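Just below is one structure, and these are the notes that go with it.
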2 protein chains.
Amino acid sequence: MKHFITIKDIAKELDISVSTVSRALRDTYDVNKETREKVLEMAIKLKYKPNFNATGLAKGSSHNIAVILPFITNYYFSTVITGIQEVAYQSGYNIVLYVTNDSPEREIDIISNLPITSLDGLLVSIASNSDYFDHFVEVMANEIPIVFFDRVANNLETSKVLQDDYNGAFEGVEHLIENGYKKIAHIAGPDTLTFTQNRLRGYLDALHKHQLSTKEEWIVHSGFSQEDGKKDAELLMSLADRPDSIFAANDRKAIGAILYLKSKGIKVGEEMGVVGFTNDPSSEIISPALTTIAEPAFEIGKKSCELLLKHIERKNFHPQEIVFPGKLIVRESSSKTI
Amino acid sequence: MKHFITIKDIAKELDISVSTVSRALRDTYDVNKETREKVLEMAIKLKYKPNFNATGLAKGSSHNIAVILPFITNYYFSTVITGIQEVAYQSGYNIVLYVTNDSPEREIDIISNLPITSLDGLLVSIASNSDYFDHFVEVMANEIPIVFFDRVANNLETSKVLQDDYNGAFEGVEHLIENGYKKIAHIAGPDTLTFTQNRLRGYLDALHKHQLSTKEEWIVHSGFSQEDGKKDAELLMSLADRPDSIFAANDRKAIGAILYLKSKGIKVGEEMGVVGFTNDPSSEIISPALTTIAEPAFEIGKKSCELLLKHIERKNFHPQEIVFPGKLIVRESSSKTI
DNA sequence: CTGAAAGCGCTTACAG
DNA sequence: CTGAAAGCGCTTACAG
């Protein structure tokens, strides 16, 4: 059996009670200054490490937060986690990671089996086709706060952190219009996701503002992968009335589309404008380089974690919704004259 | 205070002792079949969730494993974690994630402050310039098993999971030679890392086998980023005796190099061959597409986690070193006749 | 300012 | 096969 140094060892060594050691170790209680110093010294000398199972049991808090998201193998999510992690690390919290693979079933299974008694809060971005949120309600009923980011569950009284999907899309499409494109298609994400809907609205409103119209067949919903983008572009190019440009819901789709267009000898930029969303590093690698809306993924991660910690530490912290503005990054894929 | 259902609630409801409930909940002990079934039913009915702080305290195991690595914002590491996570999920283990940002200081700080009493094992990939491993020894002294992957600490009696860096490099360089390149440079990683050394050896031995020579100035060590690759290529191109091809330690460096070469109007493939290592998805996005050695990142993650679980479950499981073969993927960046 | 005692939820010899 | 009891390491009213 493993043996670790406990407060009992410190107490024995110093010939005082464990209660006093316990109090000295946290600085919230009245303890004689010298006693505290002796305890602290001894703790370092013995390399004492608190047993979080025990503190968790006794106090009902664990300094663990769960992060639950669809994937981690892409720029956006991995950067968000890095931001979350930065704040958690500074604040002495541990991150427990769960990946749903974008499957609603797996999401439900994970949430229902969460080691909820050793979790102080949850940070979550839901799966594309999640439509059942009762398991979140159950978690919240246990007084475990949740903060949603990016892919949020509406109708839940929790804090949310988002990028400005509507205005980002609006700006991206307007940029296309200003550069002379008139027949703008939109390859969108799954229409169940709120941010997909917001980007679609931004697209529609930008067209409307400039008295341009779209066609139903120019709006295609599918997944978020490069492969999806490829297929969407193929579909658009097969139309009798072809668009002259594409606003993609994210960069991976945009890149898939560009790859397809290039393979067909279509000159991206000149012949066919493309604008993405995210500012994935790949958008600089592809040629022509991709014009896109940059999302502050790292900041979103940091802010989400900060909010969650506030909820954890202040019982009645009022839920907030934070929206980060996007930023248009103009590159080569959207200029008729490269 | 939060209140959760406990085994006491089940016991009271059924009018039996908590000991019996406890035993019925795990199936290792002799319990009357009917009793067990009643308990299991009631547990479901009351939505009982075990308190892992309590089981951890009582048993000294927590079903938590820590994953500690330099970054998660790249293809390789995020895919490895996905593999780890897959196995952990199937086996009912939780992943506690720590990111060192490739900083040895942060790595030491993290490892020294690990909630070691609530961790069953560690999966780690060290920072580039780590050279102090005593904190790992300390962890191991507490009977917490460690499995290293990719960036391993030598001289430690633990299991290790790697790709075949030597042979991968050898094959990549030989491929360049077979395609007619003769003056092959190597843009390497930090020379402190074992896998960097192995890839360098593979490069050297392939040249040697084909009676080709290199020059000291053709071997340049730097970091692993795209930016590093760019700078390395710039340096190589400034040489009086320029190489005619580059074997890069990873794809990001290779891509940086290609981007630089393209910006100088150098025709990659024809004029200048480039081969990478990893098979990052970006290697298909860049044009010309990058020839590379594919690493089975997902498999490496799975295997690492499987090994760790064996160490956790079987006290005297003998440390193993697993090496996964790489696979040459030929694309456009290495063929003189595109 | 400090100590003794009860308790957090679970496990596990020890009896029977 | 089952129960009573002690214990895991820590916290926290309660006394003093």
Side-chain angles (χ1 to χ4, degrees), chain A residues 1-40 42-43 46-64 92 115-120 142-143, chain B residues 1-40 42-43 46-64 92 115-120 142-143:
Chain A
M1 183 65 188
K2 304 163 189 174
H3 176 261
F4 299 98
I5 300 293
T6 70
I7 57 172
K8 218 150 124 190
D9 297 312
I10 300 180
K12 198 179 298 168
E13 205 71 28
L14 259 29
D15 203 28
I16 56 177
S17 76
V18 294
S19 331
T20 303
V21 174
S22 171
R23 281 187 280 249
L25 254 18
R26 294 157 301 125
D27 16 50
T28 18
Y29 284 83
D30 284 342
V31 179
N32 179 41
K33 211 182 153 198
E34 288 170 24
T35 313
R36 158 164 300 137
E37 279 165 9
K38 279 196 313 188
V39 170
L40 261 26
M42 188 54 72
L46 297 181
K47 297 189 180 174
Y48 167 74
K49 304 276 158 56
N51 183 316
F52 291 106
N53 283 144
T55 53
L57 231 204
K59 297 212 300 180
S61 94
S62 62
H63 271 211
N64 287 156
I116 207 159
T117 45
S118 46
L119 249 24
D120 288 352
N142 284 315
E143 292 181 36
Chain B
M1 181 66 190
K2 303 163 191 174
H3 177 261
F4 300 97
I5 300 292
T6 69
I7 57 171
K8 218 151 123 187
D9 297 313
I10 299 180
K12 198 178 299 167
E13 205 70 29
L14 259 28
D15 204 28
I16 56 177
S17 75
V18 294
S19 334
T20 303
V21 174
S22 170
R23 282 187 280 250
L25 254 18
R26 294 157 300 124
D27 14 51
T28 19
Y29 284 83
D30 284 343
V31 179
N32 179 41
K33 211 181 153 198
E34 288 170 25
T35 313
R36 156 161 302 134
E37 278 165 9
K38 279 196 313 189
V39 170
L40 262 25
M42 188 55 71
L46 298 180
K47 296 188 183 178
Y48 166 75
K49 304 275 159 57
N51 183 316
F52 291 106
N53 284 143
T55 53
L57 232 205
K59 295 212 300 181
S61 95
S62 62
H63 272 210
N64 286 157
I116 207 161
T117 45
S118 47
L119 249 22
D120 288 352
N142 283 316
E143 293 181 35

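Side chains included, hydrogens not; waters and symmetry mates left out as well; all remaining heavy atoms used. Remember, it's a predicted structure, so these values are computed and weren't measured experimentally.
The CD1 atom of B:Ile5 sits 12.5 Å away from the CG atom of B:Asn51 when rounded to the nearest 0.5 Å. Atoms CD1 and OG, from A:Ile7 and A:Ser22 in turn, are 5.0 Å apart once rounded to the nearest 0.5 Å.
Distance, B:Glu34 CD to D:dC1 P: 11 Å, rounded to whole Å. As rounded to whole Å, 10 Å separates atom P of D:dT11 from atom CZ of A:Phe52. Between the C1' atom of D:dT11 and the CG atom of A:Asn53 lies a distance of 15 Å, rounded to the nearest Å. Atom pair A:Asn51:CG and D:dG7:C1' shows a separation of 13 Å (rounding to whole Å applied). Rounding to whole angstrom units, NZ of residue A:Lys59 and C1' of C:dA6 are separated by 18 Å. Between B:Lys8 atom NZ and C:dG7 atom P there is a gap of 8 Å when expressed in whole angstrom units. Whole-Å rounding puts the B:Ile10 CD1 to C:dT11 P distance at 11 Å. Atom CD1 in A:Ile7 sits roughly 16 Å away from atom P in C:dA5 (whole-Å rounding).
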| What's the verdict on side-chain contact (heavy atoms from CB on, under 4.5 Å) for A:Leu14 and A:Thr20, showing C-alpha distance, side-chain angles and the deciding distance? | CA-CA 11 Å; A:Leu14 259 29; A:Thr20 303; over 6 Å; no

- Task: Run the numbers on B:Tyr48 and B:Asp9 for side-chain contact (heavy atoms from CB on, under 4.5 Å), then give the verdict.
- Result: CA-CA 9 Å; B:Tyr48 166 75; B:Asp9 297 313; over 6 Å; no

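The nearest heavy atom of DNA chain D to B:Lys33 and to B:Ala54 marks one nucleotide each, and the one closer to the 5' end goes with B:Lys33.
For C:dC10, neither phosphate oxygen OP1 nor OP2 lies less than 4.0 angstrom from any side-chain nitrogen or oxygen of B:Arg26. Side-chain N/O atoms of B:Ser19 include none lying less than 4.0 angstrom from OP1 or OP2 on D:dT2. The side chain of B:Arg23 contributes no N or O atom lying less than 4.0 Å from OP1 or OP2 of C:dT12.
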Output field dot_bracket for DNA chain C (Watson-Crick or G-U, both distances under 3.5 Å, | for other-strand pairs) contains |||.||||||||.|||

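Distances from the side chain of A:Ser17 to the nucleotides D:dA4, C:dG3, D:dG7 place C:dG3 closest. Here the nucleotide nearest the side chain of A:Asn32, chosen from C:dT11, C:dC1, C:dG3, is C:dC1. Nearest nucleotide to the B:Leu57 side chain, out of D:dA4, D:dC10, C:dG9: C:dG9.
For B:Lys33, there are no salt bridge (charged side-chain N to carboxylate O under 4.0 Å, His left out) partners, not counting sequence neighbours.
Looking at heavy-atom distances under 4.0 Å, A:Tyr48 makes contact with sugar-phosphate atoms alone, never a base. Across all strands, A:Ser22 comes closer than 4.0 Å to base atoms (heavy-atom distances). Looking at heavy-atom distances under 4.0 Å, A:Thr35 makes contact with sugar-phosphate atoms alone, never a base.
Across every non-hydrogen atom of B:Arg36 and B:Arg23, the tightest pair is NH2-O, 3.7 Å. Of all non-hydrogen atoms in A:Phe4 and B:Asn142, the two that sit nearest each other are CE2-CG, 3.6 Å.
Put simply, the side chain of B:Asp120 gets close to the backbone of B:His63: a donor and an acceptor are under 3.5 Å apart.
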